[in-house]
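If you're wondering where the values come from, they're calculated on a predicted model, not measured in any experiment.
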Amino acid sequence: MPRIPVAEIERLKNEVSVQQLAEARGIELKGQGNNLLGRCPFHADKTPSLVITPDKNLWHCLGACQAGGGPIDWVMRANGVSFRHAVELLRAAPDLAAGVGEPVKGSHTRKLAAPVEPTAGAGELLNQVVDFYHQTLLESPEALAYLAKRGLTDPELIARFRLGYANRTLGYRLPAKRAQDAAGLKGRLREIGILRESGHEHFNGSIVVPVIDGDGNVTEVYGRKLRDDLRGDTPRHLYLPGPHKGVWNAQALGGSDEIILCEALIDALAFWQAGFHNVTASYGVAGFTPDHLAAFARNGVKRVLIAYDRDEAGDKAAGALAEQLIAAGIDCCRIEFPKGMDAADYALKVTPASKSLGILLRKAAWMGKGAAPQAPGQHPEAVECETPAPAPALAIAPVPALAASPAAAPASSTIAADVKADEVVFTFAERRYRVRGLPKNLAPETLKINLLVAVGERFHVDTLDLYSAKGRGHYLQQAAKELGVRDEVIKHDLGRILLKLEALQDERIKAATTAAPAVPALSDVEREAALAMLRAPGLLERIVATSTPAAW
């Protein structure tokens with residue numbers, strides 16, 4: 001379904017009068033200063049609580065329903081339709097024809113069916129609500145603009161994690177009070193936490209991030225308010241009532257023995273957007289649950305990179321969590337953002353995030369006792385920790401070259417390769433990789449190569465920059481498809497190749513910059529003439545004579 005152009009939405013907001021929409025419904029409006037007052041048609045309003053501000057073309061109810069917005073919001077509320085449907089009605093009838101402006105009782109506008117089944121069980125009901133919120137986000141320029149502002153623009157990310165937007169339209173689409181099944185349906189929506197006791201949507205005004213289990217069922221929902229100019233007592237972060245259930249992006253735990261653990265789901269999404277897919281999140285600083293620990297143990301997670309916020313609460317929680325994980329036999333490292341920053345902020349301010357976050361991963365500080373253990377077979381999303389030395393607080397600075405990171409150090413020496421002048425060959429089990437073009441990389445900021453992988457007679461070849469998360473992702477998907485192996489196998493191989501090539505590239509660059517000046521070769525005749533001059537009598541007097549001003 002094509003997205004509604006933003007310009008068209010703005011046109012309708014400016015050209016369609018909220019005052020005319022209200023008057024067309026028979027609402028009597030009286031002036032009060034710059035506003036118009038009338039009885040709200042969306043609840044049993046005994047005293048005028050509807051406020052319309054013609055100068056801004058906005059309306060708001062000060063009474064029970066607390067609804068408000070512009071002309072599109074009015075049509076959505078009045079006719080019980082979605083955002084897209086309301087826009088289509090106004091496009092077709094900007095002069096308030098076709099029933100758009102008629103009272104609810106006489107409206108001829110077709111009301112869309114409820115997005116949830118009245119007979120659905122609690123689990124299925126929650127799934128249907130999340131699907132509705134997902135579709136609402138795809139049709140909402142406001143919600144998509146917020147995600148873009150947070151750097152979350154990958155369509156695959158939005159679809160894979162079923163990101164959504166709650167903007168009251170669910171309530172508009174539920175059966176009216178007079179409907180036979182209305183009370184039961186709304187009661188069950190209250191039971192699962194989607195509606196509050198007041199009848200308002202719990203996540204209203206929020207981007208919605210569901211937590212989905214291996215069977216595709218929603219176990220938890222997180223909401224983050226789009227607006228920050230809220231009343232002081234309004235929470236910006238919301239969850240379903242009751243204890244947290246499930247682990248976000250749990251499928252990543254089975255594909256890697258190392259996992260990035262963020263404090264919040266928005267931070268985890270930032271890592272995923274940047275290409276680091278072995279990531280999950282706690283539910284806040286105190287939100288690491290028994291479900292997380294059990295999932296880590298069940299999937300054989302050996303190391304956790306704790307990416308909590310770099311503030312007092314985050315540092316304290318990271319320390320306590322590391323003790324818990326180490327006691328459970330899981331190694332821990334701390335990703336050290338600049339003071340006061342989190343992953344989402346850092347990814348936006350230090351770009352490209354695929355490199356800046358990658359560098360912090362490679363420099364993660366070991367949190368255990370003694371020397372940090374080496375992790376064989378590293379891949380770009382499972383990086384080696386280094387034991388930190390005392391240093392001042394981190395500051396935002398230009399991103400250094402990835403080739404200078406610890407990932408190119410001792411672990412790469414254990415990766416076998418047949419290094420030749422024009423190519424490097426790797427053999428991992430039955431998979432043979434041939435690398436060409438490495439000598440053309442004359443700076444540490446790029447690692448562009450031509451890479452062929454073959455298994456028997458099947459092969460895949462392409463040119464890519466190994467420092468590009470997008471490039472690696474495309475290559476591994478195509479190679480896995482051509483060879484008939486799992487994506488994780490190719491991803492692991494690419495990580496080992498990257499580490500070895502970084503080390504080889506470092507050696508080439510150092511050799512080129514430290515090479516001694518070339519000594520010109522002498523022929524036999526030149527050599528004899530030079531020796532004869534050095535042996536000639538009176539050489540010293542000749543040198544002195546040619547050095548005096550008279551000789552000049």
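- Checking His244 against Tyr239 by side-chain atom types alone, no donor-acceptor pair falls below 3.5 Å.
- Closest approach of Leu293 and Phe288 over heavy atoms only: N-CZ, 3.8 Å.
- Here the two rings, on Trp248 and Phe161, have centers that are under 6.0 Å apart.
- Annotation: side chain to side chain donor-acceptor pair (under 3.5 Å) contacts of Arg298 (sequence neighbours excluded): none.
- Here the shortest heavy-atom pairing between Ala317 and Val285 reads CB-O, 3.5 Å.
- Here His492 and Phe428 keep their ring centres 6.0 angstrom or further from each other.
- Residues passing the side chain to side chain donor-acceptor pair (under 3.5 Å) test with Gln251 are Asn249, sequence neighbours excluded.
- Counting only distance, with no hydrogens or angles, the side chain of Arg472 and the backbone of Leu466 share a donor-acceptor pair below 3.5 Å.
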Compile the donor-acceptor pairs under 3.5 Å between side chains in residues 264-274 and protein atoms, sequence neighbours left out, one pair per line.
from: Asp267; atom 1: OD1; to: Ala344; atom 2: N; distance (Å): 3.2
from: Gln273; atom 1: OE1; to: Thr153; atom 2: N; distance (Å): 3.1
from: Gln273; atom 1: OE1; to: Asp154; atom 2: N; distance (Å): 3.1
from: Gln273; atom 1: NE2; to: Thr153; atom 2: OG1; distance (Å): 3.4

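- Within 6.0 Å of the CZ atom in Arg236, the count of heavy atoms belonging to other residues, nucleotides or ligands exceeds 12.
- Checking side-chain atoms of Thr351 against main-chain N and O of Ala353 turns up no donor-acceptor pair under 3.5 Å.
- By the side chain to side chain donor-acceptor pair (under 3.5 Å) test, Arg458 pairs with no residue at all, sequence neighbours left out.
- Salt bridge annotation for Arg436-Glu423: present, with a cationic side-chain nitrogen under 4.0 angstrom from a carboxylate oxygen.
- Scanning all heavy atoms of the two residues, the minimum distance from Lys149 to Leu348 falls at O-CD1, 3.5 Å.
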message: Using side chain to side chain contact (heavy atoms under 4.5 Å, CB included), reason through Leu357 and Ile359 one step at a time and then give a plain yes or no.
response: CA-CA 5 Å; Leu357 289 176; Ile359 289 169; over 6 Å; no
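- Between the side chains of Glu139 and Tyr165, no donor-acceptor pair is found at a separation under 3.5 Å.
- Within the 3.5 Å criterion, the main-chain N or O of Leu438 finds a donor-acceptor partner in the side chain of Asn441.
- No side-chain donor from either of Thr219 and Asp213 sits under 3.5 Å from a side-chain acceptor of the other.
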- prompt: Could you walk me through whether Thr169 and Asn167 pass the side-chain hydrogen bond (donor to acceptor under 3.5 Å, both in side chains) check?
  reply: CA-CA 6 Å; Thr169 52; Asn167 64 348; 2.7 Å; yes
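- Between Ile207 and Leu147 there is a side-chain heavy-atom pair separated by less than 4.5 Å.
- One N or O on the side chain of His292 and one on the backbone of Thr289 form a donor-acceptor pair closer than 3.5 Å.
- Not a single donor-acceptor pair under 3.5 Å links the side chain of Glu482 to the backbone N or O of Ala479.
- With Phe426 as the aromatic partner, Arg432 does not meet the cation-pi criteria of under 6.0 angstrom to the ring centre and within 45 degrees of the ring axis.
- With no hydrogens or angles considered, no side-chain donor-acceptor pair links Thr427 and Tyr433 at under 3.5 Å.
- Asn127 contributes a side-chain N or O that, together with a main-chain N or O of Val218, makes up a donor-acceptor pair within less than 3.5 Å.
- Sorted by first then second residue, the salt bridge (charged side-chain N to carboxylate O under 4.0 Å, His left out) pairs that include residues 313-327, not counting sequence neighbours, are Arg310-Asp315, Asp315-Arg334, Asp315-Lys339.
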task: Kindly determine whether Ile490 and Gln477 satisfy side chain to side chain contact (heavy atoms under 4.5 Å, CB included), including the steps that lead there.
output: CA-CA 8 Å; Ile490 305 298; Gln477 289 176 2; over 6 Å; no
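- Counting only distance, with no hydrogens or angles, the side chain of Asp465 and the backbone of Tyr467 share a donor-acceptor pair below 3.5 Å.
- Checked by atom type and distance alone, the side chain of Tyr475 never pairs as donor or acceptor with a backbone atom of Lys491 at under 3.5 Å.
- Heavy-atom minimum distance, Asp291 versus Gly246: OD2-N, 2.8 Å.
- A salt bridge does not link Asp257 to Arg303: none of the charged side-chain nitrogens sits closer than 4.0 Å to a carboxylate oxygen.
- Remark: the backbone N or O of Thr136 is not paired with any side-chain donor or acceptor of Ser140 at under 3.5 angstrom.
- In terms of heavy-atom proximity, Leu238 sits nearest to Ser206 at CD1-OG, 4.0 Å.
- With sequence neighbours left out, Asp462 forms a side chain to side chain donor-acceptor pair (under 3.5 Å) with no residue at all.
- The minimum heavy-atom distance linking Ala252 with Asn278 is given by the pair CB-CA, 4.0 Å.
- Side-chain atoms of Asn299 come within 3.5 Å of backbone N or O of Ala295 as a donor-acceptor pair.
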